[in-house]
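Below is one structure; the comments refer to it alone.
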Amino acid sequence: MMTPMGITVTMADDTEDVQLDFAADEQESARRSAVIRHPLVSFFHLFFRVVAIVAYLLCDWISESFSSCFVLILTLLSFDFWSVKNVTGRLLVGLRWWNQIDEDGKSLWVFEAKKASLGKDIGTEAEARIFWLGLIICPLIWTLFFFISLFSLKIKWLSLVVASISLQVANLYGYLRCKAVGEDGQPADIRSFSGQHLLQRPDIIFGIL
């Protein structure tokens, strides 16, 4: 067809059928809305940190030795740190973070977020809520213990609480960075990422609750 400007325009009569895979979307939605797909993983995500809090509250009844309570609680939180960092975060929410040494001998922190469309083994929405609530609430409880120990001048217990907060907050901060990577679409290695980025993106925190 010739236009008034002398430009030839070709009109295509053939049409191409585009098939939308609604069945796959429905299957993914059903999978994500299921209640619990990883019951054992969800259990151990909360087990060590909850038992550590209970042990702290019952230390006077468990043992009269502060050293025994100190070792017991830090052992529980060390198991919790390892399991959350290496197992539950990857299976329940598709996030992971780690440290590696590059060819120049420099230490690099790497943060990854698996896309939901590629994460067949990622947990359900209920499991994600369990993951984030456990990750956020427990450090808040230890922070409450910190102020109680501080105002009651229990210095030896204060050292235990500070060590506990450090282990809990390390995983929380690492996974918040992973979530920010997933939402911003940045590469896994984000050296320029800082804590200020979390303050500028409150939706990262409130969006998971």
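Treat the numbers as computed from the prediction; the structure is a model and nothing was measured. Keep in mind that the numbers below use all heavy atoms, side chains included, and drop hydrogens, waters and symmetry copies.
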Trace of the side-chain contact (heavy atoms from CB on, under 4.5 Å) decision for W97 with V110: CA-CA 6 Å; W97 61 277; V110 183; over 6 Å; no
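- Taken together through direct or relayed side-chain contacts under 4.5 Å among Ile, Leu, Val, Met, Phe, Trp and Tyr, F151 and V161 form part of one hydrophobic cluster.
- Once rounded to the nearest 0.5 Å, the distance linking CD1 of I141 with CD of Q168 reads 9.0 Å.
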Chi angles and distances behind the side-chain contact (heavy atoms from CB on, under 4.5 Å) call for S68, L72: CA-CA 6 Å; S68 300; L72 173 62; over 6 Å; no
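- Ring-plane geometry between F66 and W157 is classed as perpendicular, the angle between the planes exceeding 60 degrees on a 0 to 90 degree scale with a lower cut at 30.
- Criterion: ILVMFWY side-chain heavy atoms under 4.5 Å apart, direct or through other members. Under it, L77 and F146 are part of a common hydrophobic cluster.
- Closest approach of S164 to L74, counting heavy atoms only: OG-CD2, 4.3 Å.
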Worked check of side-chain contact (heavy atoms from CB on, under 4.5 Å) between C59 and I73: CA-CA 10 Å; C59 262; I73 293 173; 4.0 Å; yes
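- The structure places CZ of F43 at 13.5 Å from OG1 of T88, a figure rounded to the nearest 0.5 Å.
- For S42, the side-chain contact (heavy atoms from CB on, under 4.5 Å) partners two or more places apart in sequence, or in a different chain, are I36, L92, E127.
- A centroid separation of less than 6.0 Å is found between the aromatic rings of W142 and Y56.
- Counting only distance, with no hydrogens or angles, the side chain of S159 and the backbone of K156 share a donor-acceptor pair below 3.5 Å.
- Residue-environment remark: NZ (K154) stays at or below the threshold of 12 foreign heavy atoms within 6.0 Å.
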CA sep, side-chain torsions, deciding dist, call: W132, Y175, side-chain contact (heavy atoms from CB on, under 4.5 Å): CA-CA 9 Å; W132 287 111; Y175 281 116; 3.8 Å; yes
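- To the nearest 0.5 Å, atom CG of residue L172 and atom CD1 of residue I137 are 11.5 Å apart.
- Side-chain contact between L135 and R49 is present, with at least one heavy-atom pair separated by less than 4.5 Å.
- Aromatic ring centres of F79 and W82 lie farther apart than the 6.0 Å criterion allows.
- Contact between G134 and L46 at its shortest, heavy atoms only, is CA-CD2, 3.8 Å.
- Of the possible donor and acceptor atoms, one in the side chain of H45 sits under 3.5 Å from a partner among the backbone N and O of F131.
- With sequence neighbours left out, the side chain to side chain donor-acceptor pair (under 3.5 Å) criterion links N99 to S107.
- Interatomic distance, OG of S83 versus CG of N171, reported as 8.0 Å (0.5 Å rounding).
- In this structure, L57 is not a member of the same hydrophobic cluster as L76, with clusters built from ILVMFWY side-chain heavy atoms closer than 4.5 Å.
- Placement of F145 and V71 in two distinct hydrophobic clusters is found when ILVMFWY residues are connected by side-chain heavy-atom separations under 4.5 Å, directly or transitively.
- The distance from the CZ atom of F111 to the NZ atom of K179 is 15.5 Å, given to the nearest 0.5 Å.
- Taking hydrophobic clusters as Ile, Leu, Val, Met, Phe, Trp and Tyr residues chained together by side-chain heavy-atom distances below 4.5 Å, V51 does not share a cluster with I130.
- Expressed to the nearest 0.5 Å, how far CZ of R96 lies from CD of E112 amounts to 4.5 Å.
- Residues forming a ring-ring contact (aromatic ring centres under 6.0 Å, His included) with F44 (at least two apart in sequence, or on another chain): F47, F48.
- A donor-acceptor distance shorter than 3.5 angstrom exists from the side chain of D102 to the backbone of D104, with no hydrogens or angles considered.
- You'll find the side chain of P139 stays beyond 4.5 Å of the side chain of I165, heavy atoms only.
- For S149 against L158, the heavy-atom pair with the smallest separation is CB-CD1, 3.9 Å.
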